[in-house]
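In what follows, chains are A, B, ... by sequence order, proteins preceding strands, each numbered from 1.
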Amino acid sequence: MRPGQPEALQQPYDPARIEARWYPVWEGQGVFRPRPTGKPPFVIMIPPPNVTGSLTMGHVLGESIRDLVVRWQRMEGRETLWVPGMDHAGIATQNVVEKSLRERGVSRQDLGREGFLREVWAWKEQYGGLILQQLRRLGVSADWERERFTLDEGYSRAVLLVFQKLHEKGLVYRGHRIVNWCPRCQTALSDEEVDHVETEGSLWYIRYPIKGSEKTITVATTRPETMLGDTGVAVAPRDRRYAHLIGKTAVLPLLRREIPIVADELVDPKFGTGAVKITPAHDPNDFVMGERHDLPRVVVMDERGVMNDNAGDFRGLDRFAARERVIEALRDAGYLERVEPHRYAVGRCERCDTVIEPYLSLQWFVRMAPLAAAALEAAKKGHVKFYPSRWKKVYLHWMENIRDWCISRQLWWGHRIPVWYRGEEMVVSAERPAGEGWTQDEDVLDTWFSSWLWPFATLGWPEKTADLERFYPNTLMVTGSDIIFFWVARMIMAGYEFMGEAPFPHVFFTSIIRDAEGRKMSKSLGNSPEPLAMMDRFGADAVRFTMIYLTPTGQDLLFDEKRVETGKFFANKVWNAARLVSLRLGDEDLGKVREASLTLTLADRWILSRFAHAVKNTTRYLKTYRFNEAANTLYHFTWNEYCDWYLEMAKPRWGFDDAQTDLAPERIEDRRAARWVAWKVLDGILRLLHPFMPFVSEEIWQALPHDGELLATAPWPRAKSAWLDPDAEHQIAFVMELVVAVRNLRAENGIPPGKRVPVIVRGSAEQLDLVERLAGQIRPLARIEALTIARDGSRPAVAASAVVKGAEVFLPLEGLVDLDEERARLAREAARLMGDLESVKKKLRNQDFLDKARPEVVEKERARLVALEETLAKLNRAQESLRAVQS
RNA sequence: GGGCGAUUAGCUCAGCUGGUAGAGCACUUGCUCGACAAGCAAGGGGUCACUGGUUCAAGUCCAGUAUCGCCCACCA
């Protein structure tokens, strides 16, 4: 315990100075390490950012929320673990490094696999993990000693072992399938990595001659260039129009290949002509039909999307150029019947936006349905809960319709598939098989095939480590809904498969950040604010607080840089309040003061009661993941109750001069109470604030009398029920209304703020007692010169007046004020109340209301009626008394 | 084609289990009164998208409509 060090709180508030100071202290003292406390551990994991990544506003929001929760739980006395780390991000990283190589005129093929991987690792050492530095700047309290990377040695072993185990169970298989192929990245992709974009295209109608007939059959297609790979034509089985053609042979235009006409239920007779070309090597549906009818698969383009030898004269053309030329050729030869505009969804690579080619190739897959069973049940039974809950439905729908996962990628950067070939032999094993002559599969695994193990592989799995034992399952997953399938769903599946239980009981989905116009943040639009620049401008505390304060639960967040002022201004407010308090604390060590030794005033009891509410509500909102509400509660309590009212009411009790020794003993005692309460509540505010604004709260806390080493490890405040004081709250509410009424009378009557005015109050004995007791606080708040308590019921002849909870406040005018203005004001006020009165009367005349509404509701309306009538009567009297007076 | 979400003050959004519409920003007026102009005080501004229903009572519950947005989907 140290006495206050007010000199530490310098004006102005300077976030840059403060924020450089505390992170090394926390880290140095091991605050971020889990330390057993006897309570169950709280475990959270970072969704590993790409190793190439740089901090975005999306990260800032997510990390702010994660750190908010972790810091709060740490203060609640839980043993906390936050595991940080990075994802090797196969395609993204390989793209970045290839691009930088290209600038040097080098391709990855030039370097060869080994050489290229050396380049990527070197690149990773130099530039990778920048984002982790940025996270420190933001203040995240992760345990850096447990930092993991998905390509770490141990983590890699886990990935390969998972492949091996799934293969042993028959859940990993290899096969020729139509996959999503990106001709630019030149790799297969999973369904989730393809974005479907609605596109204006055309539907081309092409005549295929029937062999041995003058007739033709017309098919409709959006991809005419693939007709070069057609090996059949299909019609619906019960389509009368085409029944006679089933079993006949069509002649493929341009190539003159003879292809059968078959019946297949996949054909929708209502679409196009009801006849469809079958291209088994270039369309997933056609692949299925091709299998059913035993049709050959003719691949007509290569992995770059360039037409190959099977494309005849079109060989060497890019697929889109080929489309034009095929159309031309068909038109010239009279095969093109017509063209219709057609809207359809085009698949695009989520990484590079290239149009995806459904492409026949040999790939590795995970059979997902068996893995989905447990994950499905977990959500249905509530073992895993989603916040907001509507994501459950989305999750279930995906799980129920799950499809096999293509996990092989034709890349070099990643976990190389642990499959070994020697002649006809094939071995699947995490370890290289013994003996000579084995060659490993060339492909690597999908990045998500490693990140789906994150909740346990980071803790040492497959080894039975102490961490794994202690920290699995994790406690909470906080992430974006955009990766619910990529990551969340798969983590749950992997959790059940390899650990036998869900990886976490709760998943909280953060908002998606958009710009002020509602557009997605993107580099090309240039609408993505630079978080580091914002932290430099406003401070990390301000950025964190603002993001949490603004984030709506379950909605997108429309973000505008200017909004960060909210956080900065709030930090400044707290800073200055702390300055005020620290300057008036005196020399006594307040930490040693016992509350019972103090004589608390009504104002003291009021703020302690309000503080207890604030603690209760802030904590409740955190527990229910309503983070914005938590921030909001704290903001308004601090600013509008503690600063605007309590500190203002405390000022006169403090006085200015500590050295003043000739005070009456009761004044000294009162000053002591005011000091203690102001400090106590501020201390509590700082504790509540710390998870939101760790830097400034720690800085201030250290400058005030405090208990313990660091705020970061100080206990979270409890809402003391002994502090709840409804009586004090009612009474102070009256006083506040009274003050506002006087201020309002002054403002409306144009009385200069500097001018002190006399005020007369009439009211019930209780009200007048209260006013008398608090006169010392009321006078400065309302800038009152003389406060007259009219116990004799007398009233001034000429005055501006207002009614507050039945009490009357008079501001004698003495020719200061425009009487017409005051008359108009009273008339407006009376009219407003008349309106309210009418609606209350109407309600009370309604027999149904009286019979059916809950008694306390009816009682409330009755009380309101009485109060309104009383107030109106007093207003009327005030109007009358002014009527007689000359302006 | 299916599903989800949104529609409340000029802007961005709160409003939990139905009981006198709130905040921040912006706006108006006035303030250098010994924490804070990054501030203080006082104000103006809303038929809660529309239509119907349930109810004594609907921003809140139900149904439908409209507009916007998102996700999923093998109609070529």
Side-chain angles (χ1 to χ4, degrees), chain A residues 9 11-13 178 196 203 219-223 226 234 266-268 270-273 275-279 283-289 342 344-345 358 388 390-391 393-394 397-398 401 481-482 484-485 512 514 516 518 538 542 549-560 562-563 565-566 568-584 620-621 624 626 628-629 632 635-636 640 643-644 647-648 651 656 740 743-748 750-754 756 780-783 836 839-840 843 846-854 856-858 860-861 864:
Chain A
L9 297 174
Q11 179 70 347
Y13 162 59
I178 296 277
H196 294 276
L203 192 59
V219 299
T221 182
T222 55
R223 304 231 21 222
T226 65
L266 220 52
V267 179
D268 175 2
K270 289 190 285 298
F271 186 88
T273 60
V276 59
K277 63 199 244 341
I278 306 177
T279 322
D283 182 278
N285 279 333
D286 294 8
F287 180 85
V288 172
M289 289 195 282
H342 183 63
Y344 68 120
R390 64 186 153 86
W391 290 105
K393 218 172 183 175
V394 177
H397 181 259
W398 185 81
N401 297 283
S481 55
D482 52 336
I484 183 172
F485 307 136
I512 307 268
R514 298 174 175 280
F538 300 104
Y549 180 84
L550 288 180
T551 187
T553 30
Q555 296 302 113
D556 292 352
L557 167 57
L558 270 57
F559 180 78
D560 185 351
K562 190 168 161 30
R563 303 292 299 273
E565 284 186 347
T566 305
K568 185 177 181 186
F569 293 175
F570 182 47
N572 180 61
K573 186 71 182 178
V574 176
W575 181 261
N576 279 291
R579 266 170 51 78
L580 171 66
V581 172
S582 73
L583 291 169
R584 303 292 163 77
R620 180 165 58 89
Y621 286 134
T624 49
R626 294 166 67 184
N628 57 337
E629 294 287 344
N632 213 28
Y635 180 95
H636 283 108
N640 303 121
C643 290
D644 287 351
L647 292 184
E648 292 304 327
K651 278 177 182 174
F656 292 118
V740 168
R743 286 170 175 170
N744 177 272
L745 286 177
R746 300 178 56 116
E748 300 262 325
I751 296 169
R756 306 231 158 218
L781 283 169
R783 321 219 122 234
D836 290 356
S839 80
V840 174
K843 254 187 192 173
N846 183 344
Q847 195 57 44
D848 280 333
F849 174 72
L850 298 175
D851 292 344
K852 294 177 185 172
R854 291 199 312 274
E856 64 267 30
V857 173
V858 177
K860 217 170 137 189
E861 289 299 318
R864 210 175 145 221

*Verdict with supporting geometry, A:Leu580 and A:Lys651, side-chain contact (heavy atoms from CB on, under 4.5 Å)*: CA-CA 9 Å; A:Leu580 171 66; A:Lys651 278 177 182 174; 3.9 Å; yes

*So A:Val276 and A:Phe271, side-chain contact (heavy atoms from CB on, under 4.5 Å) or not? Walk me through it.*
CA-CA 9 Å; A:Val276 59; A:Phe271 186 88; over 6 Å; no

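Closest approach to the A:Arg626 side chain among B:rA42, B:rG24, B:rG15 is made by B:rG15 (side chain taken as heavy atoms from C-beta onward). When distances are taken from the side chain of A:Tyr344 to each of B:rA76, B:rA23, B:rG15, the shortest belongs to B:rA76. With B:rA42, B:rC56, B:rG24 as the choices, the nucleotide that has an atom nearest any side-chain atom of A:Thr566 turns out to be B:rG24. Comparing atom distances between the A:Pro12 side chain and each of B:rA38, B:rC75, B:rG3 picks out B:rA38 as nearest. Checking B:rA42, B:rA76, B:rG19 against the side-chain heavy atoms of A:Thr222 singles out B:rA76 as nearest. For A:Lys562, counting side-chain heavy atoms from C-beta on, the closest listed nucleotide (B:rA26, B:rA73, B:rA23) is B:rA26. With B:rG39, B:rA76, B:rA42 as the candidates, the nucleotide lying closest to the side chain of A:Phe271 is B:rA76.
At whole-Å resolution of the value, CZ in A:Phe485 and P in B:rG3 are 16 Å apart. Straight-line distance from the CG atom of A:Leu557 to the C1' atom of B:rC11: 14 Å, rounded to whole Å. The separation between A:Glu748 atom CD and B:rA42 atom P is 11 Å, rounded to whole Å. The distance from atom CD1 of A:Ile512 to atom P of B:rU12 is 19 Å, rounded to the nearest whole Å. Rounded to whole Å, atom P of B:rG2 lies 18 Å from atom NE2 of A:His196. Rounded to an integer number of Å, the gap from CZ of A:Arg746 to P of B:rA42 is 12 Å. Rounded to whole Å, atom P of B:rG19 lies 17 Å from atom CG of A:Asp836. Atom CG of A:Asp560 is separated from atom P of B:rG24 by 18 Å (rounded to the nearest Å).
Taking a pair to require two hydrogen-bonding distances under 3.5 Å in either a Watson-Crick or a G-U wobble arrangement, B:rA73 remains unpaired. Look at B:rC68: its Watson-Crick or wobble partner, with both distances under 3.5 angstrom, is B:rG5. B:rG46 is unpaired under the Watson-Crick or G-U wobble criterion, no partner having all donor-acceptor distances under 3.5 Å. The partner of B:rG30, taking Watson-Crick or G-U wobble pairs whose two distances both stay under 3.5 Å, is B:rC40. Across all strands shown, the partner of B:rU12 is B:rA23, judged by Watson-Crick or G-U wobble contacts whose two distances both fall under 3.5 Å. Across every strand in view, B:rG59 sits unpaired, with no contact that passes the Watson-Crick or G-U test at under 3.5 angstrom.
In terms of phosphate contacts, A:Lys393 brings no side-chain nitrogen or oxygen within less than 4.0 Å of OP1 or OP2 of B:rG3. Between A:Arg743 and B:rA42, a side-chain N or O to OP1/OP2 separation shorter than 4.0 Å is present. Here A:His342 reaches the OP1 or OP2 of B:rA76: one of its side-chain N or O atoms lies under 4.0 Å away. Residue A:Asn744 places at least one side-chain N or O under 4.0 Å from the OP1 or OP2 atom of B:rG43.
For the C1' atoms, the distance from B:rG10 to B:rU28 is 14 Å, rounded to whole Å. B:rG19 sits 28 Å from B:rC25 when the P atoms are compared, rounded to a whole Å. Using P as the reference atom, B:rC4 and B:rG45 are 40 Å apart when rounded to the nearest Å. On the P atoms, B:rC31 is 42 Å away from B:rC50, given to the nearest whole Å. For the P atoms, the distance linking B:rA6 with B:rA63 amounts to 14 Å, nearest Å. Rounded to whole Å, the P atom of B:rU67 lies 32 Å from the corresponding atom of B:rU55. Only the C1' atoms considered, B:rU47 is 33 Å distant from B:rG3, to the nearest whole Å. Distance noted for atom C1' between B:rG15 and B:rA23: 10 Å (whole Å).
Proximity of a side-chain donor or acceptor of A:Asn576 to a complementary backbone N or O of A:Asn572 within less than 3.5 Å is detected. Side-chain atoms of A:His636 come within 3.5 Å of backbone atoms of A:Asn632 as a donor-acceptor pair (strictly under, hydrogens ignored). Judged by distance alone, the side chain of A:Asn744 and the main-chain N or O of A:Val740 form no donor-acceptor pair under 3.5 Å. Using modelled atom types, one side-chain atom of A:Arg746 and one backbone atom of A:Arg783 make a donor-acceptor pair closer than 3.5 Å.
From A:Leu781, atom CG reaches atom CG of A:Asp644 across 10.0 Å, with rounding to the nearest 0.5 Å. Rounding to the nearest 0.5 Å places CG of A:Leu557 at 5.5 Å from OG1 of A:Thr551. The CZ atom of A:Phe569 lies 11.5 Å from the OH atom of A:Tyr13; values are rounded to the nearest 0.5 Å. For the atom pair A:Tyr344 OH and A:Arg223 CZ, the distance stands at 7.5 Å (nearest 0.5 Å).
Residues A:Trp391 and A:Thr273 each lie close to RNA chain B; by heavy-atom proximity, the contact nearer the 5' end of the strand is made by A:Trp391. Where A:Asp286 and A:Glu861 meet RNA chain B, the nucleotide closest to each residue was compared, and A:Glu861 sits on the side nearer the 5' end.
At the heavy-atom level, A:Asp268 lies under 4.0 Å from base atoms of the strands shown. Among the protein residues, A:Tyr549 comes within range of the sugar-phosphate backbone only, with heavy atoms under 4.0 Å from sugar or phosphate atoms but none that close to a base. At the heavy-atom level, A:Pro552 lies under 4.0 Å from the strands shown only through sugar-phosphate atoms. At a threshold of 4.0 angstrom between heavy atoms, the contacts of A:Val740 are confined to the sugar-phosphate backbone, with no base atom among them. Among the atoms of the strands shown, none is found under 4.0 Å from any heavy atom of A:Gln847. Looking at heavy-atom distances under 4.0 Å, A:Arg864 makes contact with a base.
Between A:Trp398 and A:Phe485, the angle of the ring planes stays under 30°, which puts this pair in the parallel group of the 30/60° scheme.
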*Quick one, give me the B/S/- string for nucleotides 28-37 of chain B, reading 5' to 3', where B means a protein heavy atom under 4.0 Å from the base and S means that only happens at the primed atoms, P, OP1 or OP2.*
--S--BBBB-

